2 protein chains.
Amino acid sequence: MKFSIRRSVFIKELSNVQRAISSKTTIPILTGLKLVATDNGLTLTGSNADISIETTISASDEDNALAIASTGAIVLPARFFSEIIKRLPEETFQLEVTEGFQTEITSGSASFNVNGLDANNYPHLPEIDTTDAIKLDGAVFRELISQTVIAVSNQESRPILTGVHFVLDENQFLAVATDSHRLSQRKVNLQTGSTSKYDVIIPGKSLVELSRMIGDEYDQVEMRLSENQALFILGETSFYTRLLEGTYPDTSRLIPKEAETTLEFEAPALLAAIERASLLSHESRNNVIKLIIKPSEKSVVIYGNSPDVGKVEEALVPNTVEGSEIEISFNPDYMKDALHSFGQSTIKVSFTSALRPFTLVPTEDDENFIQLITPVRTF
Amino acid sequence: MKFSIRRSVFIKELSNVQRAISSKTTIPILTGLKLVATDNGLTLTGSNADISIETTISASDEDNALAIASTGAIVLPARFFSEIIKRLPEETFQLEVTEGFQTEITSGSASFNVNGLDANNYPHLPEIDTTDAIKLDGAVFRELISQTVIAVSNQESRPILTGVHFVLDENQFLAVATDSHRLSQRKVNLQTGSTSKYDVIIPGKSLVELSRMIGDEYDQVEMRLSENQALFILGETSFYTRLLEGTYPDTSRLIPKEAETTLEFEAPALLAAIERASLLSHESRNNVIKLIIKPSEKSVVIYGNSPDVGKVEEALVPNTVEGSEIEISFNPDYMKDALHSFGQSTIKVSFTSALRPFTLVPTEDDENFIQLITPVRTF
């Protein structure tokens, strides 16, 4: 195996593949980067137990300055190899596997000799045998991930809640996540090009990495689903993630249909007030803030309290306040995550009672996006 | 005590004073910020065992929008108080000490109530009784700190080496630091306006904070020295640091006067090569790289090696190489620190033997700035 390549091209693809490579893995070869040189190009592969990423640099694109002198495969220590490549002196570098798995990397007058591993021992990537390709708009899919993944559970006690539940049915794409304290649900209408129905649970961590990789770079994402794997194709890059097994709880019943008290706010203004109040709740053991709403007086007041440090009180100015009086306590961090997801929108907050979940929706599109938060009992 | 003030002005001064405040202190009141309101203005004080910073916001400068309604003093939890001020909704805020040490902070409709402490229990700042003020150029002093503080020791086993040794004599200002493995020495000619002689050791950590505070903001720094304290005056801000007690070792004898082998390099090119070689030395236990210099062949080769990972070899291209053949090993991290301190300069590296310290000086000013590194015995 021997090739030379433009360093900047290689570094860019390597940084994508490295998203899947962890130095904390129980399978030593997975700390490595797999390189395969064929006559068509150079393939880079990285993987951990959950995610695998594979990308190919084409030999026919002159911008890559990729010249394959001889084909072959090798696994190199990923973190270390990446640091070497980043610090090489010239615009291009040459890599050659010499005796055994010894690999020589040269650029200008610098020459590195690195101990590689046999690529035959590298695990195979999952096989996705479906031809049914679901086409997603990159920006829309990224927004959908960011709006729902906040409600995913970090607790391994109920593994199924560490994923986002996706249901695809007749061009309607529904994503929902809950950690049992809060829930986030988003619906999108898509011309996916697929007529099949799907119901899958994708790990939240995989979605976060996928979303970063989509970035602003990929307008289109192609999704293929098998029984226990999902494959996302972004240009020349394939992103594989395992699916979570099991049945996701029925979340539709959790969303209240009626409201006793409603408020309308600009999301950024409410967020700023919640952040101020949370300064104090964070200093106390139970991290709870309280809202007292008196529609007859057009009054909404937020309270935060820490016995050690002090207390805060702030009169809020909602656009509208309607319905019955209510006093409700909740975790401000859930509220902050939810409010961030609305950006600059105007939102409606709907309460039923002090112990029942309340909801936040954008006033402009109250059907397709909902954040739900369970209050905290303080008496 | 009661005042109102422009929030941005207060935040700026608070962030300076906070440099001296640590949450990890054995004296609880020092986690606090001391505020003193007089008819002239508002004074902010922060301190830890080593550094104290005090700054005054003037009531007569209209830009400060400072209105003192009643004078007094209070100590408030610094980190927490600072977070509150940063998140307040309006351009100004009001602070009032109500009953006991309860302090009310209001801005717009937000009202915080914070538990304060009695300012009478706050330690007094050191007294510097000298009137001899040494004037330093801000940028020159900052450069002098950055070039020498790199060689300060982090080990508390010889406390005196954790400081920079300053000697001021007849307008010549000398700064030197060594951790016994390397040494950095810089001389500056200054019109200080002082005729006294001084010989002090200032803790490296204090200098780092001082240098950050000087930043690009202060063209002039005024230094006053007492027996065990130094005071630096930057505009309205006073920066106090304790001095280290004891006699600094005589470092002048350590600097070799003659050389057997000399090289000339562009500092950035040598730095890049050392960084590449150190990638490998960092993976091995002893973190050493080797230079083999053969002046007769105009050859300088750098070697790095890690039994686990691999090895690196690079032929360097010095501007000149003169003298005897030599093979020398050293810690690349000392070399990197030294090379960084030369910026874009051309430097001369001078060796006497494989076990004697070698030096780096800028070719343009080889009298006033020297970095010295002790090699490592590898046989």
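These numbers come from a predicted model, not from an experiment. In the text below, chain A, chain B and the rest are named by the order of the sequence lines, each starting its count at 1.
The nearest pair of heavy atoms linking A:Arg276 to B:Ala110 is NE-CB, 4.0 Å. B:Leu279 and A:Phe80 make their closest contact through O-CE1, 3.3 Å (heavy atoms, listed as atom of the first residue, atom of the second, distance). Between A:Val309 and B:Pro77 the shortest heavy-atom distance is CG1-CG, 4.4 Å. The minimum heavy-atom distance linking B:Ala315 with A:Ser109 is given by the pair O-OG, 2.8 Å.
When the shell of 6.0 Å around NZ of B:Lys294 is examined, it contains 12 or fewer heavy atoms from other residues, nucleotides or ligands. Within 6.0 Å of CD on B:Glu91 lie no more than 12 heavy atoms contributed by other residues, nucleotides or ligands. Atom CD of B:Glu297 has more than 12 neighbouring heavy atoms from other residues, nucleotides or ligands inside a 6.0 Å radius.
Both the backbone and the side chain of A:Leu280 come within less than 4.5 Å of a heavy atom in chain B. Using a 4.5 Å cut-off between heavy atoms, B:Ile105 makes no contact with chain A at all.
Here the CD-NZ distance, from B:Glu104 to A:Lys311, works out to 9.0 Å after rounding to the nearest 0.5 Å. Between the CG atom in A:Leu88 and the CD atom in B:Glu314 there is a gap of 9.0 Å [rounded to 0.5 Å]. Atom CZ of residue A:Arg79 and atom CD of residue B:Glu283 lie 5.0 Å apart, to the nearest 0.5 angstrom. With values rounded to the nearest 0.5 angstrom, A:Phe112 atom CZ is found 11.0 Å from B:Glu313 atom CD.
Scanning residues 5-37 of chain A against chain B with a 4.5 Å non-hydrogen threshold yields no residues.
Side-chain atoms of B:Asn115 come within 3.5 Å of backbone atoms of A:Asp308 as a donor-acceptor pair (strictly under, hydrogens ignored).
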